[in-house]
Every structure is written in C-alpha cells, then in structure tokens.
There are 2 protein chains.
Amino acid sequence: MSPLVKIRSERDQMSAVERRIADFILENAQLLRDYSSQQLANALGISQSSVVKFTQKLGFKGYPDLKYSVGEAIARADNGDATQVATQATAAFAESASASLWHCKSESEEETRHINTTETLQAVADALATAGANGKVFMIGLGDDDIYARSFALRLSLLGIPSVHNFDAPRMAASVSAAGAGDVLLVFSEHGNHPALCKIGRFFRERRGRLITVTRHTSNPLRALADLALLVSAHDDRPYIQPVLYQSALQHLLDGVFVQLCEGDEQRHVQLLANLERVQHMLEP
Amino acid sequence: MSPLVKIRSERDQMSAVERRIADFILENAQLLRDYSSQQLANALGISQSSVVKFTQKLGFKGYPDLKYSVGEAIARADNGDATQVATQATAAFAESASASLWHCKSESEEETRHINTTETLQAVADALATAGANGKVFMIGLGDDDIYARSFALRLSLLGIPSVHNFDAPRMAASVSAAGAGDVLLVFSEHGNHPALCKIGRFFRERRGRLITVTRHTSNPLRALADLALLVSAHDDRPYIQPVLYQSALQHLLDGVFVQLCEGDEQRHVQLLANLERVQHMLEP
DNA sequence: TCGATTGAAGCATAAATTATTGACCGTCGA
DNA sequence: TCGACGGTCAATAATTTATGCTTCAATCGA
C-alpha cells in the first residue's frame, strides 16, 4: 500500500506529535527527499527519535525506508501530471530544437514503417539473400541518394552479400548489361522520376532481373517499374527539415531490412560476426 | 533524466570497477532498496568508497541520493504493473522486430542527445559557419565513417559551406597542409583510435585549426585532441544491432547540428532554399 | 626505456545519519 | 494518592555515508 495512504488512514489513532509528523509528510511529501530525520524533527520542533519511532510504528524499517517508499509513491503518482507539465516546459526551453526534431523524425519513421508491410520487407530481404548467394546485387543512387545506397551496400557486404555499386547512370547501364535472371537491382531515388534511372530499370527487367526501388511514397515512374517497391514517407513545412526526415525514415526502413536479413539466417549471422571482427582489425591496428 | 539511462549512457567512459557497479545497478535496480553502500560494495568485492565516488561522479549528492532516484525511476517505469506486462506482451507479438528496433534506436538517440550539450552543438555549428565563411572546412572518415562524413558534407554544401572531403588518410594529410587558423577539421571515427587520424588531427592543430571529432562516448586518443568533441552513445548485446544504433544516433546528432545551422542564420536559410531547388533541377530535368 | 604525471582504488577515519536506551512527565484508573 | 502506562525527549550507541591520504598502475613525454 502507498505509504501516504497508510499514514492518512492511521492518522486518527495518532498522538498529537505523531499527527503533526503525518500532516507534514502528507503535505510536503516531495520535500522529504532533502530532509534527514533530524531536519524533519527540527522543522516540527520535535525530537529526532520521535520521527524514527513514528516510522517504525507504521511498519517501516526506519526513516530511510519510509523516505524511499514515499519517493516511489510520488514518482508513481505524477507519472503524467505535474511532472510532465514541468518536463514539457523545461523541454520547450532547453531542447526545443532537438526534441521537436526528434518528434518529427519519429513520426516519419512510424509512417514509413506503416506503409511498408512486413511481407514486403521480408520479400526484399529474401530477394537480396538469394541474389547474394546465386547471382549479383546491383545498387545505384544519384546525389544524396548515393549516400543511402553506399551505406546499405556496406552493410550488405558485411553479411556476405557484396554488391555492384555505381553512382552514375552511364556506368550503371554498362554494369547492368551483365545482369541475368535472379539478380537484383536496388535503385534509390527520392522522387523516382529520373529518366536515366528508369531506363536502366527497364533494361534490367528485360534481362529478367528483379527491380527493387526505394522512393518517396508518391506515384512515380520508377516505382511503377518495380517488382518490389520500398516507400518512404517524410513531410515537413520547413524545407530544411524535409531532407533530414527523408533520410532518417529511409534509414529506418533499411535498418528494418537489414535486421530481417540478420535474423533470417543463422549462417549469415555467423558470417556477419566474423566480418565485423575482420573489419575492426583492419581499420584499427 | 532517469538515473538508469544516465548510468547506461556514461557506462563507456567508466573504469572497470565503475562499470561493474553500473552493471550491477542496471541489472538489479530493484535490489538497491535493501542495499547500503557497504553491502553493494561487498556484493561486488570492492570498497565502499568506490561506490560513493561512483555516485558522486554521476552527479548525485551521494549514495542515498542515487538510491532514491533509482527508486523513483523504477516506480515510474512499472507504473501499473499490469499495464506493463500487457504492453510487453503486445509488443512481443505484434511488432516485435521493427518496434523493438525502433525502441533501441530511440534510446540511443536519447542518450546521445543527453551527452552532448546544446552549447557544444552550438559551438560546432558556429565553428563550421565561421570556417565556411572565412576559411575552409575539412572532413574525413574511414570505412563506415566515411558514409557519415560524406552525407554531412553534402548537407553543408547545400548551406553554402563546401568542404574538402577525403576518405583516405594520406590524401587528407596532404590537404590539411594547406590549413590555417580558423579552419575546421571534422574527423569521424567510431572508436577514435586510428593512429593516422590522430596524426592528422595533431598536425591540423599545429596549424592552428580547430579540430572537431565525432566518436563513441569513450575516452579515446582522438577525442583527447579535440577542440570540440561530439559523442555518440549506442549499445546492444546483439552485434548486428550495434552498428545500426551507432549510425542512427550519429545521424541524429548531426541532424541536430544541421538544424542549428539552418536556424541560426537567415541568410544561410535562404541560400539553402535556393540550393535545394538548384539541385533538384539538375538531378531531375 | 625510464622517470614523471595522472587517475583509479582502497584503507582509515571523520562526519553524518539513524536507531535505541533510559529518564522524565502527564494522564488515567484503582 | 499512587502506580501503571503511553508518549516525548536528551543522550548515546550503532550504522551508514563521505573524505583525506596512500598506493599502485597505466600513460605520456623525453
């Protein structure tokens, strides 16, 4: 039972001094944190031993025990009331920018998680795994999109799925000419309407490869070509925030695929561990 | 902030004994109620004073203060035991992988936000802005770290702060030889102990440039050299999750700097808009 | 490689907090 | 009136916490 409720319920059967202690605690529970038994006694003009006896009578092991319990009770109680208001106020001042940024990002990530079904993620993971084992994985992105492609390619390589990575369209067209059935091409393109990329996509499909696109959640020509389409949702009125959100939502999406790949196959998992160590050794002699 | 999160976030920076204390508290927070500092010390086979010093280092008034805080945190956490069980169960079934991933990421991001003060972020933003206007910005990262460097460099360039970006140490050494006072070198290095990067950092400082490092929240030689150090906190037992968390926390940190840069100066803001449009036109004719 | 320096950990101990003891006082019922 | 009783307090014992000092080990620079 909450110590405060207990104190209140026994208050009637208490002596005068005890009742004063009880009242003080009930009214100033939050002050208790900084009060020793002696200080509490001083505040009430009574002896410290009375305070201790009071706590023991109530069934606590001693003063610190009561104090601890009251702390818990307060924490439980204002979980979502006063504290939160205070916290919000503080937050508004101290970390306005970063906290609100965090909030936007979370929102985008959640939306993105929502519009990509688990099945799609799984299908993408499977396609990559298969192509990694029996064929090739191609990957391309232009400009900013190259960053995501690059980072994902690095991750895949740790899993034993190396990829052919290009960051301009003409070279990619050349690379893709070597593609065959079962291969996978992953195209990153935020707006999905770059003609060269579409051309490469079509070319790749003609060669019976599976095309996976990663674009915004709009209808766009690139996505229309895809066997599997990963979609990213990210919106903000402030134009400088938008790319931040896009990137973080995209990253989150790719993280999901990566995790599914890791957890899907024990052997890949083992390989990852080995690779991680290897990389670490090479980079930090 | 919750004392447990705090402990966790500073765990890396701790000595062996301190880390054992931290782990014990994290794993047995609920036992703390019945432990005096001496008992805790005995349980770990260390001295009582180490426990007290541990608490003080973390910013608590002393052992009882830490204990009280932990009590509050626990109380807040399992506010309504039933609810929590239900929540956990739901989570485990419905959205296990992606939601738990999201949760880990959030935690890392929060920790990371916590260990980098707003002042540091602002200082970094200012340094970059100044160097962008009157000098040069250099940027380097090896391996995975290059990804983050690259993406941040792209962002900066949109703000009218182009940077000299290298992804191997020898070339960077050459580039840096052109550095002077007021220039900025941003070094990305997860573990911060790559000798070549340290050498470049020292060299750069000799030339009176300002060194900004981005590393894990450990004490590492690179960070020790820095004028300004950005720190990333990210932990998970699963080795394949760890890099995901690192990346997302780092990204979050950089997002913070980016936003501060955007919001700090109206002119930069305008330039960003213009650049965004320009890029869009070039990429998608 | 060798001091010099730094920082972590423990020991001893001081300081503080808490718990107990025993004396005193007022009340109440015999 | 007197003794029993409950309540309070001052004094003090016991426990717990905090700090000064020493030692040891790792790091750094010469």
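In what follows, chains are A, B, ... by sequence order, proteins preceding strands, each numbered from 1.
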Taking only side-chain nitrogens and oxygens of [X], does any of them come within less than 4.0 Å of OP1 or OP2 of [N]?
X	N	result
B:Ser47	C:dC11	no
A:Ser37	C:dT17	no
A:Ser49	C:dA19	no
B:Gln56	D:dT19	yes

**OP:** Check if the side chain of A:Lys53 and the base of D:dG6 share a donor-acceptor pair of N or O atoms closer than 3.5 Å.
**Re:**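 Check fails, no donor-acceptor contact within cut-off.
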**OP:** Mind listing the closest non-hydrogen atom pair of B:Leu154 and A:Ile147 along with its distance?
**Re:**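 Residues B:Leu154 and A:Ile147, closest heavy atoms: CD1-CG1, 3.7 Å.
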In whole angstroms, how far is the [atom2] atom of [N] from the [atom1] atom of [X]?
X	N	atom1	atom2	result
A:Asn42	C:dA16	CG	C1'	14 Å
B:Tyr63	D:dT19	OH	C1'	18 Å
B:Phe54	D:dA18	CZ	P	14 Å
A:Gln38	D:dT15	CD	C1'	16 Å
A:Ile46	D:dA10	CD1	P	11 Å
A:Leu40	C:dA16	CG	C1'	16 Å
A:Glu18	D:dG7	CD	P	6 Å
B:Leu32	D:dT17	CG	P	10 Å

Taking the side chain of [X] as heavy atoms from C-beta outward, which of [options] is closest to it?
X	options	answer
A:Gln48	D:dC9, D:dT17, C:dT18	C:dT18
B:Ser50	C:dG10, D:dT8, C:dT18	C:dG10
B:Pro64	D:dA11, C:dG10, D:dA18	D:dA18
B:Val17	C:dC11, D:dA18, C:dA9	C:dA9
A:Lys57	D:dG7, D:dC21, C:dG22	D:dG7

**OP:** Look up atom CD in A:Gln38 and atom CG in A:Asn42, then write down how far apart they are to the nearest 0.5 Å.
**Re:**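 The distance works out to 4.5 Å.
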Original post:
Is a side-chain donor-acceptor pair under 3.5 Å present for A:Gln251 with B:Gln251?
Top reply: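 No, no side-chain donor-acceptor contact under 3.5 Å.
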Subject >> Modelled atom types, side-chain donor and acceptor of B:Lys105 and A:His252, under 3.5 Å >> reply: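 Looking only at side-chain atoms, A:His252 and B:Lys105 do form a donor-acceptor pair, the distance falling under 3.5 Å.
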Original post:
So, is the end of the B:Arg150 side chain (NZ or CZ) under 6.0 Å from the ring centre of B:Phe167 and within 45° of the ring's axis?
Top reply: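 Yes, B:Arg150 and B:Phe167 form such a contact.
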